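The structure appears right after this line, and notes come after that.
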Amino acid sequence: MNLFTKIKSPIDVLKMSSSKTAILISIGLSASGLFVYLLYRQRKEEELMLRQCIVAERVFVDVSVPNKCIGGVIGKNGCNLKRAENEYYVRVKVEDSPPGSTTDSRVLTIKGLRDSVNNAEKFFNQLISEELAVKTVELSIPRSMCGRIIGKNGDQIRELSRISRTRIKVEDDSNNDGKSLCKITGIEENINYANSLIQEILTSTKGNNINKDNYKLIIKDYNIMSYLSMDDYFPVYVSALSADGMIYIQIINNESVKLDYLVEEMTSYYSMCCRDEDELNINDISINDFIVVRFNTDGSWYRSKVIDIVKGNMVVDVDFIDYGDSAQIPIDCCRKLLPKFSSLSRQSIACRFNGISLFESPLNEIQLEVLENLTKCCKWSELNCKIMDVINGTPIIELRDDKAIPPLNVNEQIKTI
């Protein structure tokens, strides 16, 4: 609603007149004065209506929080409540549990404008989901190895907990059999990661001098071996191209569907529920690290590999490992990769065209545009692909566009560029 809607003419003003207007005319108020008065009154009425609309837009939502999740939802010293209030401009209150209450949940109330309340509700529902997924597993470890896991003054076990995002506790087993219990609490993916780190320590021959680089998450390359022996073509998307003739494909199968869900899940997590410990300092990053970054064009979060660090500008050069393209990303748009986001293998596969060597000089913009159109790059339109050979680990492929009329051999067309 425009608070400054113009009245087109004095006739419009007179149409809006009321008994108050007649009184003003009767006491000799000039026409111009009357016009100003009515314009002022109209604005006041519209302001009142706008305030009423804003009040009407204010809503509240009650979220039921299981008692076992309440501590994690509130956060240390109420940090999650404060974060929601500051980020979403809402008011949050947790219902006190009455003495002797037997209810298995408590009510968290969110008040504010509708969109803000909806976003805050998603934030708390995500926290609840994570808390509900928390479990504890017990490992039996030799008592003589406890020192390796705990470390000097507990430094090692704290580092393991921080890296794996779990709570790890070592305690003596009641059975006097030379064993101790190691309890790991967290969600399943993080527990598995913590377990792998502990097993590495137990089997290491280097004593307590564990290389922290071993803790960094690794994303495996796509396994294309099953496609090498295929006589027929298989469907792919072309996700990126380089000016020297390299082409990046995504094979269309169940894993490509998982990638769509993974991007949605990462975007939801890092946009709504990112913790302080997920943030990265420029000095925390090394070349070849796998991280998650926000792409400003669409606001989504993507898995990436660091290829260069420009500390002076506080940016990192990254490859988007599931798509093949690259970009410079500000450090404040970078986050740590969590174990649960690392299990899917990288989805982009760097290939070369069969019968076409790498271009001696980079393609110009017009040539690159022709190549993009031929391969339907980033248009997520299906092409058919066949791996003809593998040279130095790089698949040599042939592409066909069977939906074109007539069907098109993409490789033959590229030779004419």
Side-chain angles (χ1 to χ4, degrees), residues 54-136 161-162 164-167 184-191 193-194 260-280 292-294 298-303 332-342:
I54 292 175
V55 171
E57 276 293 304
R58 290 188 175 277
V59 298
F60 73 90
V61 169
D62 287 338
V63 179
S64 179
V65 183
N67 286 336
K68 68 177 183 178
C69 302
I70 197 68
V73 170
I74 293 175
K76 187 176 181 180
N77 298 322
C79 64
N80 288 333
L81 305 185
K82 295 172 185 175
R83 183 168 189 164
E85 290 183 333
N86 292 334
E87 290 190 9
Y88 305 113
Y89 303 102
V90 294
R91 285 292 185 185
V92 183
K93 183 179 180 181
V94 178
E95 173 189 61
D96 292 331
S97 180
S101 174
T102 58
T103 59
D104 57 1
S105 64
R106 289 165 65 180
V107 175
L108 180 147
T109 302
I110 310 168
K111 295 181 180 180
L113 296 180
R114 187 179 303 277
D115 288 345
S116 298
V117 169
N118 289 341
N119 288 331
E121 183 182 13
K122 291 177 183 178
F123 171 77
F124 285 112
N125 282 334
Q126 179 72 24
L127 291 178
I128 293 171
S129 297
E130 291 183 0
E131 289 297 318
L132 287 174
V134 169
K135 63 181 182 180
T136 299
S161 296
R162 185 189 67 80
S164 63
R165 298 173 60 85
T166 60
R167 292 191 297 274
I184 310 173
T185 302
I187 62 175
E188 184 173 0
E189 294 91 343
N190 294 350
I191 288 175
Y193 184 44
D260 293 335
Y261 287 116
L262 178 64
V263 171
E264 290 180 6
E265 187 180 359
M266 289 191 300
T267 300
S268 174
Y269 175 83
Y270 289 104
S271 298
M272 299 258 185
C273 299
C274 182
R275 314 294 199 277
D276 290 340
E277 56 264 31
D278 296 328
E279 296 181 358
L280 282 171
V292 180
V293 304
R294 179 165 60 87
D298 62 6
S300 297
W301 291 79
Y302 298 98
R303 304 189 302 175
D332 59 1
C333 293
C334 301
R335 297 290 184 270
K336 294 178 182 176
L337 174 68
L338 303 188
K340 65 179 179 179
F341 299 139
S342 66

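Predicted, not measured: the structure shown is a model, and the values here were computed from it.
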Which atom names give the shortest non-hydrogen contact between [X] and [Y], and what distance separates them?
X: A194; Y: I184; answer: CB-CG2, 3.9 Å
X: R83; Y: F123; answer: CD-CZ, 4.5 Å
X: V90; Y: E85; answer: O-CG, 3.2 Å
X: P339; Y: S342; answer: O-OG, 2.8 Å
X: S300; Y: V263; answer: CB-CG1, 4.2 Å
X: K336; Y: V292; answer: O-CG2, 4.3 Å

(Q) For a side-chain contact (heavy atoms from CB on, under 4.5 Å) check, start with the C-alpha distance between L132 and K68, then their side-chain angles and the critical distance, and finish with the verdict. (A) CA-CA 8 Å; L132 287 174; K68 68 177 183 178; 3.6 Å; yes
Roughly how far, to the nearest 0.5 Å, is [atom2] of [Y] from [atom1] of [X]?
X: I191; Y: R167; atom1: CD1; atom2: CZ; answer: 10.0 Å
X: I110; Y: K93; atom1: CD1; atom2: NZ; answer: 14.5 Å
X: S129; Y: K122; atom1: OG; atom2: NZ; answer: 13.5 Å
X: E188; Y: T166; atom1: CD; atom2: OG1; answer: 13.5 Å
X: S64; Y: D104; atom1: OG; atom2: CG; answer: 7.5 Å

Q: Please say whether more than 12 non-hydrogen atoms of neighbouring residues, nucleotides or ligands are located less than 6.0 Å from CG in D260.
A: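 Yes, because the 6.0 Å sphere around CG of D260 holds more than 12 heavy atoms from other groups.
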Taking the side chain as everything from C-beta on, heavy atoms only, tell me whether [X] gets closer than 4.5 Å to [Y].
X: V117; Y: K111; answer: no
X: C333; Y: V293; answer: no
X: E131; Y: V65; answer: no
X: F341; Y: Y270; answer: yes
X: N80; Y: V73; answer: no

(Q) Quick one: does any side-chain atom of R106 pair with a main-chain N or O of E95 as donor and acceptor, under 3.5 Å? (A)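 Flag set: sc R106 to bb E95 pair under 3.5 Å.
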Q) Short question: side chain of T267, backbone of W301 - any donor-acceptor pair under 3.5 Å? A)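 Checking the backbone N and O of W301 against the side chain of T267, a donor-acceptor pair under 3.5 Å is found.
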Q: Among I70, V61, L81, find the one that has a side chain to side chain contact (heavy atoms under 4.5 Å, CB included) with L108.
A: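 Of I70, V61, L81, side chain to side chain contact (heavy atoms under 4.5 Å, CB included) with L108 is met by L81 alone.
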Q: Using the side-chain contact (heavy atoms from CB on, under 4.5 Å) rule, take M266 and Y269 through it: C-alpha gap first, then chi angles, then the decisive distance, then the call.
A: CA-CA 5 Å; M266 289 191 300; Y269 175 83; 5.7 Å; no
Q.
Please tell me whether Y88 and F124 form a close aromatic pair, meaning their ring centres lie under 6.0 Å apart.
A.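 Y88 vs F124: aromatic centres not under 6.0 Å.
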